[in-house]
> 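Before I ask anything, let me first share the structure, which is written out below as structure tokens.
Order of the sequence lines sets the chain letters (A, B, ...), proteins ahead of strands, with each chain counted from 1.
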There are 2 protein chains.
Amino acid sequence: MSDVSAPPCTTLDDRAIDIGPLPQLVGYALRRAQLAVFQDFYATFAEFDIRPTQFSVLTVLRHNPGRRQSQIADALGIKRANFVALFDGLRTRGLAERRPAPDDRRAHALYLTEAGAALLDELAVPLARHEGRFIARLGAADMQRLLTLLHRITGDG
Amino acid sequence: MSDVSAPPCTTLDDRAIDIGPLPQLVGYALRRAQLAVFQDFYATFAEFDIRPTQFSVLTVLRHNPGRRQSQIADALGIKRANFVALFDGLRTRGLAERRPAPDDRRAHALYLTEAGAALLDELAVPLARHEGRFIARLGAADMQRLLTLLHRITGDG
DNA sequence: TATTGTTATACTCTATAACTATA
DNA sequence: TATAGTTATAGAGTATAACAATA
């Protein structure tokens, strides 16, 4: 339905902006796509107060119990100095814990708590819905192609 | 050459970390790929002191001279409050300028300066090298497939 | 001497609220 | 009343330097 009584243009130029060659730049396209997915992630996990980085730490802890802070941080591309506060946020919520490393009194071995493991189980359902929304946009086959291309960009595949 | 006198393991567990299902999550894969490309962008344009967001603003100004701040900011997904300092950084360097909007005394019309246009011309060469490094990893056909998939993720494809 | 975890600090990016001058 | 630009502010994320304890 068009509105025949719509007012005339109120500005000199209200055509859509032309962002030119930006969509053909891989960095720009990656950034916009990443923001779209993270926005969906934030909305999906807001009720659990879990952000993408926190989710990635919990996941790596589940798959690597007892590793040191620096190993976990390195695997996720996080500086060890920045990992301290990030991990403390999980620890004070009872989701993860530090234990003395048996072979090195400087180091801590990191573990999920039972509450952390239970939360990760609980997050599996909304996570699948979140991923499912993007698989629905692309189809499963194209999503797998996208993941493979992204791994080749990152340099590990 | 392997070093037969290499010391034994110094830690309890120095196998590589297993980041589990993270590489199959679209948000994680996008984030890591975006960081890899932006790292290359930073290194490529460090000598020009241009960051990805600044480059995108200059590019949109070239393609849309005379538009208002809020239009430019919206097109790039930047809040108008955050755009002020960003644009001032370009303006004080003589790359862009504000002019009074002819039809609305609240608004400013934004333009590239000649220096800004000249810089953008100069940046074309390193930009092509930057893009070329990732096209080299994927091949031109797969890069085009990646861009198309990314646009579909973002929702404008 | 080097490394682990930590603190301090700074800079960027992002988000919201509120102000001003116009409309 | 609403909008364009602006200011202030706060929260993440990220980067470097330096320190204590330990290797």
> Quick one: which of D/dT16, D/dG13, D/dA23 gets closest to the side chain of A/Asp104?
D/dA23
> Checking contacts here: which listed nucleotide (D/dA4, D/dT14, C/dT6) is nearest the side-chain heavy atoms of A/Arg98?
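Nucleotide nearest to A/Arg98's side chain: C/dT6.
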> Is the phosphate of D/dA12 approached by A/Thr53 (side-chain N or O, under 4.0 Å from OP1 or OP2)?
no
> Under 4.0 Å from OP1 or OP2 of C/dT6: is there any side-chain N or O of A/Gln69 that close?
yes
> Are A/Ile78 and A/Ile72 close enough that some pair of their side-chain heavy atoms sits under 4.5 Å apart?
no
> What's the spacing between B/Asp156 CG and B/Leu150 CG if we round to 0.5 Å?
10.0 Å
> From the options C/dG5, C/dA18, D/dT7, select the nucleotide whose nearest atom is closest to the side chain of A/Ala107.
C/dG5
> Between D/dG5, D/dT22, D/dT7, which nucleotide gets closest to the side-chain atoms of B/Arg80?
D/dG5
> Treat each ILVMFWY residue as a node, draw an edge where side-chain heavy atoms are under 4.5 Å apart, and state whether B/Tyr28 and A/Leu30 are in one component.
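The answer is no; the residues belong to distinct hydrophobic clusters.
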> From the list D/dT14, C/dA15, C/dT6, which nucleotide is the closest neighbour of the side chain of B/Asn82?
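For the B/Asn82 side chain, the nearest candidate turns out to be C/dA15.
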> Any side-chain heavy atom of A/Gln54 within less than 4.5 Å of one from A/Val57?
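No. Closest side-chain heavy atoms not under 4.5 Å.
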> Parallel, tilted or perpendicular for A/Phe38 and A/Tyr42, by the 30°/60° rule?
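If you compare the ring of A/Phe38 with that of A/Tyr42, the planes turn out perpendicular.
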> Given C/dT16, C/dG5, C/dC13, which nucleotide is nearest the side-chain atoms of B/Lys79?
C/dT16
> Which of the following nucleotides, D/dT7, C/dA8, D/dG5, is nearest to the side chain of B/His108?
D/dG5
> Closest to the B/Arg68 side chain: D/dT7, D/dA23, D/dA4?
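Closest nucleotide among those given: D/dA4.
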> Side-chain N or O of B/Arg67 versus OP1/OP2 of D/dA4: is the shortest distance under 4.0 Å?
no
> OP1 or OP2 of C/dG5 versus the side-chain N and O atoms of A/Ser70: is any pair under 4.0 Å?
yes
> Considering only C/dT3, C/dG5, D/dA15, which nucleotide approaches the side chain of A/Arg106 most closely?
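Output: C/dT3.
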> Is A/Arg51 near enough to D/dG13 that one of its side-chain N or O atoms lies under 4.0 angstrom from OP1 or OP2?
yes
